[in-house]
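Proteins get letters first, then strands, A, B, ... in listed order; numbering begins at 1 in each.
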2 protein chains.
Amino acid sequence: MPPSGSPISPSIASRLHDHNHCISTAMETAQRICSDNGVRLTQLREQVLRLIWQSHRPLGAYALMEMLAEQSTRRVAPPTVYRALEFLLEQGLIHRINTLNAFVGCTHPQGDHDNNFMICEECGVAIEFCTEKIQHDIKDSAAQFNFTIKAQSIELVGLCQACTGNKDE
Amino acid sequence: MPPSGSPISPSIASRLHDHNHCISTAMETAQRICSDNGVRLTQLREQVLRLIWQSHRPLGAYALMEMLAEQSTRRVAPPTVYRALEFLLEQGLIHRINTLNAFVGCTHPQGDHDNNFMICEECGVAIEFCTEKIQHDIKDSAAQFNFTIKAQSIELVGLCQACTGNKDE
DNA sequence: AAAGGTATGTTATTATATAACACTATCTTT
DNA sequence: AAAGATAGTGTTATATAATAACATACCTTT
């Protein structure tokens with residue numbers, strides 16, 4: 001198990017990992033964070049978070065909406081989903097992938113909340129990463145322009161390890 | 001004048017620059033690139049590019065559409081704009097800012113086409129930047145995951161030099 | 001139980017983007 | 001210059017993503 005706060009391991013890119021472990025860890029962490037922050041991880045919010053964590057592929061709000069509708073008998077409208085997503089974003093439990101208009105679970109919900117992803121255009125997996133070096137360089141660049149960073153998003157689109165292999169061989 | 005292929009100077013962040021020069025350079029460069037690539041910078045495409053270059057603020061497709069409609073008597077529909085935008089993106093003459101769903105002129109349309117911007121949430125200016133260092137570190141990170149990068153986008157949202165000053169003082 | 005705040009339901013609308021097909025302009029070959 | 005091919009634009013309809021505004025339900029504290 002990787003140390004808490006670290007990015008997910010490269011093996012996720014190859015889909016060779018115990019994803020049930022990802023899910024249970026994420027749900028437990030979410031409970032703790034919400035309780036620490038004095039906010040409520042309601043049934044709906046938990047349900048949405050669990051759906052997002054079904055894989056490492058970002059899910060769109062409308063896909064989530066349909067999945068919710070399947071799970072419960074009631075009809076689910078966009079604001080229901082968007083409000084849950086907004087909450088989860090605020091608590092740092094998920095990320096929004098701008099290039100996809102989609103949402104994915106955060107693998108280190110306690111640390112800095114930069115948005116750094118490698119997104120496989122073949123299988124859809126989004127791998128969160130972060131390195132001290134890049135952070136340092138970016139701060140440097142911003143300083144050159146006297147720019148005050150409030151939010152950061154790096155999105156690399158391409159092919160993950162597994163899909164690169166499939167293409168080449 | 002900065003050497004061809006270099007990012008725009010920090011002074012753009014402070015809005016203290018000769019923007020007419022930006023526009024004329026951009027339009028001339030666009031003509032040359034299209035001619036080099038054997039593609040046509042039609043009237044419509046040129047018109048859209050010029051509108052985008054009216055400032056360093058990214059413009060949404062529908063805003064562009066309204067501006068086009070004002071300039072000509074004919075009615076302008078979304079596909080008209082989106083097709084022109086698609087062309088300009090393909091030729092590397094503009095960038096799409098994912099966090100804003102908007103488009104902005106490219107300041108170095110001949111080089112690598114990474115998408116690295118600092119976006120001021122106050123005045124809306126998007127400053128393009130790129131550094132060897134960041135590029136190097138990002139390639140490094142991708143290599144660790146055996147990830148093949150096809151497109152890259154860094155978007156920093158915050159306050160530009162001018163707007164930081166306004167807030168502090 | 002009442003009051004106040006938080007969360008969700010509901011309806012309507014706005015914003016962004018594309019599909020499909022028709023028509024026009026431009027280029028190429030003769 | 002005419003014919004055919006290709007590229008570009010017009011037009012209508014629709015898909016996809018997100019929010020506004022207001023009503024209702026649910027918790028918590030008194």
Review point. Start at the 5' end of DNA chain C and walk down; is the nucleotide closest to Val39(A) or to Asn101(B) reached first?
Key: Val39(A)
Point to revise | Separation of dA15(C) C1' from Leu85(B) CG (nearest whole Å) | key: 15 Å
Exercise for review: Provide, to the nearest angstrom, the distance between the CG atom belonging to Leu64(A) and the P atom belonging to dA17(D).
Suggested key: 11 Å
Revision key, fill the gap. Between the CD1 atom in Ile52(B) and the CE atom in Met67(B), the distance rounded to the nearest 0.5 Å is 9.5 Å
Practice item. Check the distance between dT18(C)'s P and Phe87(B)'s CZ and give it to me in whole angstrom. Key: 18 Å
Review point. Name the one of Thr107(B), Asn116(B), Asn115(B) that satisfies side chain to side chain donor-acceptor pair (under 3.5 Å) with His95(B)?
Key: Asn115(B)
Check your understanding: Can a donor-acceptor pair under 3.5 Å be found between the side-chain atoms of Tyr62(B) and the base atoms of dA15(C)?
Key -> no
Identify all side-chain donor-acceptor contacts of residues 131-141 of chain A below 3.5 Å with residues at least two apart in sequence or on another chain.
residue, atom, partner, partner atom, Å
Thr131(A), OG1, Ile134(A), N, 3.0
Gln135(A), OE1, Gln152(A), NE2, 2.7
Gln135(A), NE2, Asp114(A), OD2, 3.4
Gln135(A), NE2, Gln152(A), OE1, 3.0

Practice item. Ignoring hydrogens and angles, tell me if any N or O in the side chain of Arg45(B) forms a donor-acceptor pair with the backbone of Leu88(B) under 3.5 Å. Key: no
Check your understanding: Looking for any heavy atom pair under 4.0 Å, which part of the strands does Arg83(B) touch: base, sugar-phosphate only, or nothing?
Key -> base
Check your understanding: Which whole-number value in Å describes the distance from Ile97(B) CD1 to dT16(C) P?
Key -> 14 Å
Study note, to complete from the structure: Rounded to whole Å, the CG-P distance (Leu59(B) to dT16(C)) equals 11 Å
Practice item. Report the C-alpha distance between Ser24(B) and Glu28(B) in whole Å, list the side-chain angles of each, state the deciding distance to 0.1 Å, and finish with yes or no for side-chain contact (heavy atoms from CB on, under 4.5 Å). Key: CA-CA 6 Å; Ser24(B) 57; Glu28(B) 282 161 26; 4.3 Å; yes
**Study point:** Arg50(B) side chain vs Met27(B) backbone, donor-acceptor pair below 3.5 Å
**Key:** no
Practice item. Please figure out whether Ala102(A) or Arg40(B) has its closest DNA chain D nucleotide nearer the 5' end. Key: Arg40(B)
Exercise for review: Would you please say whether a donor-acceptor pair under 3.5 Å links the side chains of His19(A) and His17(A)?
Suggested key: yes
Review point. Taking atom P of dA7(D) as reference, at what distance in whole Å does atom CD of Glu90(B) sit?
Key: 12 Å
Point to revise | Main-chain N/O of Phe117(B) paired with Glu155(B) side-chain donor or acceptor, under 3.5 Å | key: no
Exercise for review: Figure out the CE/P separation between Met65(A) and dT16(D), and round it to whole Å.
Suggested key: 12 Å
**Study point:** Contacting residues from residues 71-82 of chain A, given that a heavy atom lies under 4.0 angstrom of DNA chain C
**Key:** Arg74(A), Arg75(A), Ala77(A), Pro79(A), Thr80(A)
Exercise for review: Identify, residue by residue, the members of residues 41-52 of chain B with a heavy atom below 4.0 Å from DNA chain D, and return them in order of residue number, or none.
Suggested key: Thr42(B), Leu44(B), Arg45(B)
Point to revise | Donor-acceptor pair, side chain of Thr164(A) and main chain of Leu159(A), under 3.5 angstrom | key: yes
Check your understanding: What's the CD-P distance between Glu86(B) and dT16(C), to the nearest Å?
Key -> 18 Å
